[in-house]
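What's counted below: heavy atoms across the whole structure, side chains too, no hydrogens, waters or symmetry copies.
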Amino acid sequence: MKNTNLLAVLTLAATPAFLHAQTTSYSDVVGYSNVNASSGTVLIVPGFVKASAYSGSATISGQNLSATGLTTGALNTSNHSDRPNYPTHYVEITAGTYEGYSFDIASNTATQITAVGLPSELNGQTVSIVVRPHVTLDDLLAPGLADYTDAVNIINPDGSSTTRFYASNSWIAEDFATPAGHTVIYPGSGYTLSSGGVTLTLTGVVKATKTAVPLYAAAVNYVGPMNPGGNSRVNDLGIAPVLAPYTDGFNVASNDGNMQTTATYFSDGAGILDSGFSNLDPNATDNVTSNAGFTVSVSADGYWIMPSPLGN
């Protein structure tokens, strides 16, 4: 799998009609990447997020965040019949201790967003937030995918897997009937694509903040850097602190369609170790391919706090 042709420009983030006000205006780095997915199975971690629908400051009360200028119900999962049982948007905290943590949105009123899983420590605090639509499988289509043959596989937090098959310019569930193009791919998380070889054109916004990527002990986690414009050095991933020393580790797989392990890494709690448990040279060029990822096994649930590729 090869990544080519990143185009990055500065543009003002647009505000969709159902969210009438953003408290601040700012420029996003947007662009595209062509990802050549080899015939066979490859691991893909989309490096872009979608443009913000809302940004500003919000005071947290329980699972609710204050907001202004919203259209009641615009973010409700139940109001989108084409996306049953999947959230359409998420709210991300963009500064402070919880920078990069994101939470699915359950519903909203004109002045309030109700999220899922907000930490109790944030109750009563005022935080900076951004609301974005989720990236879904329908955003990850490519010419040449074969109906009812080419498929993606997603690993769930409990270790089970979900398979989606390509069909008629969208995706369907394992029953080969239920529409599933709305299946969510969370920031920093990935999936495997099995195909005869295609080129995906990924588009969106380069993330300017940290990303908190959940790692689950019950699963082999498919994750990767949010860097659509170039390969990421293993030493720059910032993943060492979340890995149990000398126990937890991650494998980088080949991108030739065979998904063979090409390198294995561990942690001493502060830095990366190679497969022989020696400290990886600070100048080592070991890297993860752009818009690709690696598999991580951890002994306890935690969060990998990934730095922004923009260095912010």
Side-chain angles (χ1 to χ4, degrees), residues 42-49 87 90-94 96-104 115-122 132 134-135 152-162 183-192 207 209-227 231-253 259 261-275 277 280 286-309:
V42 296
L43 177 57
I44 295 175
V45 179
F48 292 108
V49 293
Y90 64 97
V91 58
E92 180 186 344
I93 298 173
T94 57
T97 303
Y98 280 88
E99 179 186 343
Y101 284 75
S102 59
F103 308 92
D104 287 330
V116 178
L118 287 170
S120 59
E121 304 93 284
L122 290 175
R132 298 186 191 276
H134 273 299
V135 172
V152 301
N153 189 261
I154 300 165
I155 303 298
N156 302 311
D158 63 359
S160 64
S161 63
T162 294
T183 302
V184 171
I185 305 297
Y186 288 91
S189 297
Y191 62 97
T192 58
K207 204 163 179 295
T209 56
K210 299 175 183 176
T211 304
V213 183
L215 301 176
Y216 301 102
V220 175
N221 301 274
Y222 292 167
V223 298
M226 298 289 294
N227 183 5
N231 298 343
S232 299
R233 288 202 322 145
V234 169
N235 275 326
D236 296 334
L237 295 175
I239 196 171
V242 74
L243 300 178
Y246 308 101
T247 302
D248 297 350
F250 61 97
N251 295 320
V252 177
M259 282 287 291
T261 298
T262 59
T264 297
Y265 302 94
F266 298 95
S267 167
D268 62 5
I272 296 296
L273 308 176
D274 62 22
S275 59
F277 295 98
L280 191 65
D286 302 43
N287 65 76
V288 179
T289 304
S290 180
N291 293 301
F294 47 90
T295 60
V296 185
S297 296
V298 294
S299 51
D301 293 351
Y303 282 88
W304 165 31
I305 308 302
M306 182 199 307
S308 165

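Although no hydrogens or angles enter the test, the distance criterion places no donor-acceptor pair under 3.5 Å between the side chain of T209 and the main chain of G100. No donor-acceptor distance shorter than 3.5 angstrom exists from the side chain of N153 to the backbone of T192, with no hydrogens or angles considered. Counting only distance, with no hydrogens or angles, the side chain of N156 and the backbone of G159 share no donor-acceptor pair below 3.5 Å. Judged by distance alone, the side chain of D274 and the main-chain N or O of L280 form no donor-acceptor pair under 3.5 Å. S297 contributes no side-chain N or O that, together with a main-chain N or O of V220, makes up a donor-acceptor pair within less than 3.5 Å.
Of the candidates F294, Y101, Y216, F294 is the only one forming a ring-ring contact (aromatic ring centres under 6.0 Å, His included) with W304.
Contact between Y186 and H134 at its shortest, heavy atoms only, is CE2-CE1, 3.4 Å. In this structure, E121 and Y98 approach most closely via the heavy-atom pair OE2-OH, 2.7 Å. Contact record, L237 with S232: CD2-CB, 4.1 Å, taken as the closest heavy-atom pair. Contact between A219 and I155 at its shortest, heavy atoms only, is CB-CG2, 3.8 Å. Across all their heavy atoms, P225 and A292 have their closest contact at CD-O, 3.9 Å. Summarising the geometry of G117 relative to F103, their closest heavy-atom pair is O-CE2, 3.4 Å, with the distance given to 0.1 Å.
A donor-acceptor contact closer than 3.5 angstrom is absent between the side chains of D248 and S267.
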- Please assess Y222 against T295 for the test side chain to side chain contact (heavy atoms under 4.5 Å, CB included), listing each intermediate value before the final yes or no. CA-CA 5 Å; Y222 292 167; T295 60; 3.7 Å; yes
- Message: Test side chain to side chain contact (heavy atoms under 4.5 Å, CB included) on V296 and L243; report intermediate values, then the result.
- Response: CA-CA 9 Å; V296 185; L243 300 178; 3.9 Å; yes
- Message: Working note: S290 + N227, criterion side-chain hydrogen bond (donor to acceptor under 3.5 Å, both in side chains); need CA distance, chi angles, decisive distance, verdict.
- Response: CA-CA 6 Å; S290 180; N227 183 5; 5.2 Å; no
- Task: Kindly indicate, with the supporting measurements, whether the criterion side chain to side chain contact (heavy atoms under 4.5 Å, CB included) is fulfilled by I93 and L122.
- Result: CA-CA 11 Å; I93 298 173; L122 290 175; 3.4 Å; yes
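Between L215 and V223, some side-chain heavy-atom pair lies under the 4.5 Å cut-off. A heavy-atom distance below 4.5 Å is found between the side chains of S189 and V213.
Summarising the geometry, atom CZ belonging to F277 is positioned 9.5 Å from atom OG1 belonging to T264; distances are rounded to the nearest 0.5 Å. In this structure, the separation between CG on D286 and OG1 on T262 is 9.0 Å, given to the nearest 0.5 Å. Of the inter-residue distances, the one linking R233 atom CZ with N231 atom CG reads 12.0 Å to the nearest 0.5 angstrom. Separating the OH atom in Y191 from the CG atom in L43 is a distance of 9.5 Å, to the nearest 0.5 Å. Here the CG atom belonging to N235 is positioned 11.0 Å from the CG atom belonging to N287, to the nearest 0.5 angstrom. Atom OH in Y265 sits 11.5 Å away from atom CG in L273 (nearest 0.5 Å).
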